[in-house]
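In what follows, residues are counted from 1 in the order of the sequence shown.
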Amino acid sequence: MTIVTVEDDGVGMDPGRLSDALAGELEGVHVGLRNIDLRLRQIHGTGMGLVIDTALGAGTLITVRVPKSTA
């Protein structure tokens, strides 16, 4: 598996609101993150995709998991 992480020390996000957005329960909010996560999971399976750790005032850590390239 290949893992890429991106982290910032910004304002962060409310974890509950982010969870709702990724589940498609909030229209127009974090649509890009939801689309990327859905596409990675559709192409590579449920063990792949985005893992997002965030808290208000504590920044955000996004981990992208995809299969290791065999090429």
Side-chain angles (χ1 to χ4, degrees):
M1 175 182 340
T2 299
I3 297 174
V4 177
T5 60
V6 178
E7 183 174 14
D8 73 22
D9 59 355
V11 298
M13 297 178 258
D14 176 80
R17 187 164 165 83
L18 176 63
S19 179
D20 290 345
L22 292 175
E25 297 173 7
L26 298 176
E27 289 192 30
V29 178
H30 304 293
V31 174
L33 290 175
R34 176 174 161 71
N35 286 344
I36 291 168
D37 187 47
L38 285 173
R39 288 181 186 181
L40 288 172
R41 291 174 192 275
Q42 287 172 345
I43 294 168
H44 301 296
T46 57
M48 302 298 149
L50 301 179
V51 176
I52 304 173
D53 295 314
T54 188
L56 287 173
T60 302
L61 170 67
I62 299 177
T63 303
V64 182
R65 299 176 305 184
V66 294
K68 191 173 216 175
S69 174
T70 57

**Student:** Once you round to the nearest 0.5 Å, how far does CG of Asp37 lie from CG of Leu50?
**Tutor:** 4.5 Å
**Student:** How many angstroms lie between CD in Glu27 and CZ in Arg34, if you round to the nearest 0.5 Å?
**Tutor:** 10.0 Å
**Student:** Measure the spacing between CG of Asp20 and CG of Leu26 and express it to the nearest 0.5 Å.
**Tutor:** 5.0 Å
**Student:** CG of Asp14 to CG of Leu18: how many Å apart, nearest 0.5 Å?
**Tutor:** 8.5 Å
**Student:** How long is the straight-line distance from CD1 of Ile62 back to CG of Leu33, given to the nearest 0.5 Å?
**Tutor:** 5.0 Å
**Student:** Can you find a pair of side-chain heavy atoms, one from Thr63 and one from Leu61, that are under 4.5 Å apart?
**Tutor:** yes
**Student:** Other than Ile3, which residues form its hydrophobic cluster under the rule that side-chain heavy atoms must be closer than 4.5 Å?
**Tutor:** Met1, Met48
**Student:** May I ask you to list the residues sharing a hydrophobic cluster with Val51, side-chain cutoff 4.5 Å, ordered by chain and number?
**Tutor:** none
**Student:** Quick check on the hydrophobic clustering: are Ile43 and Val66 connected, directly or via other members, by side-chain heavy-atom contacts under 4.5 Å?
**Tutor:** no
**Student:** Looking at Thr46, is its backbone amide N or carbonyl O close enough to the side chain of Arg41 to form a donor-acceptor pair, meaning the two atoms are under 3.5 Å apart?
**Tutor:** yes
**Student:** Does atom CG of Asn35 have more than 12 heavy-atom neighbours from other groups under 6.0 Å away?
**Tutor:** yes
**Student:** Would you mind reporting whether Thr60 and Met13 have side-chain heavy atoms less than 4.5 Å apart?
**Tutor:** yes
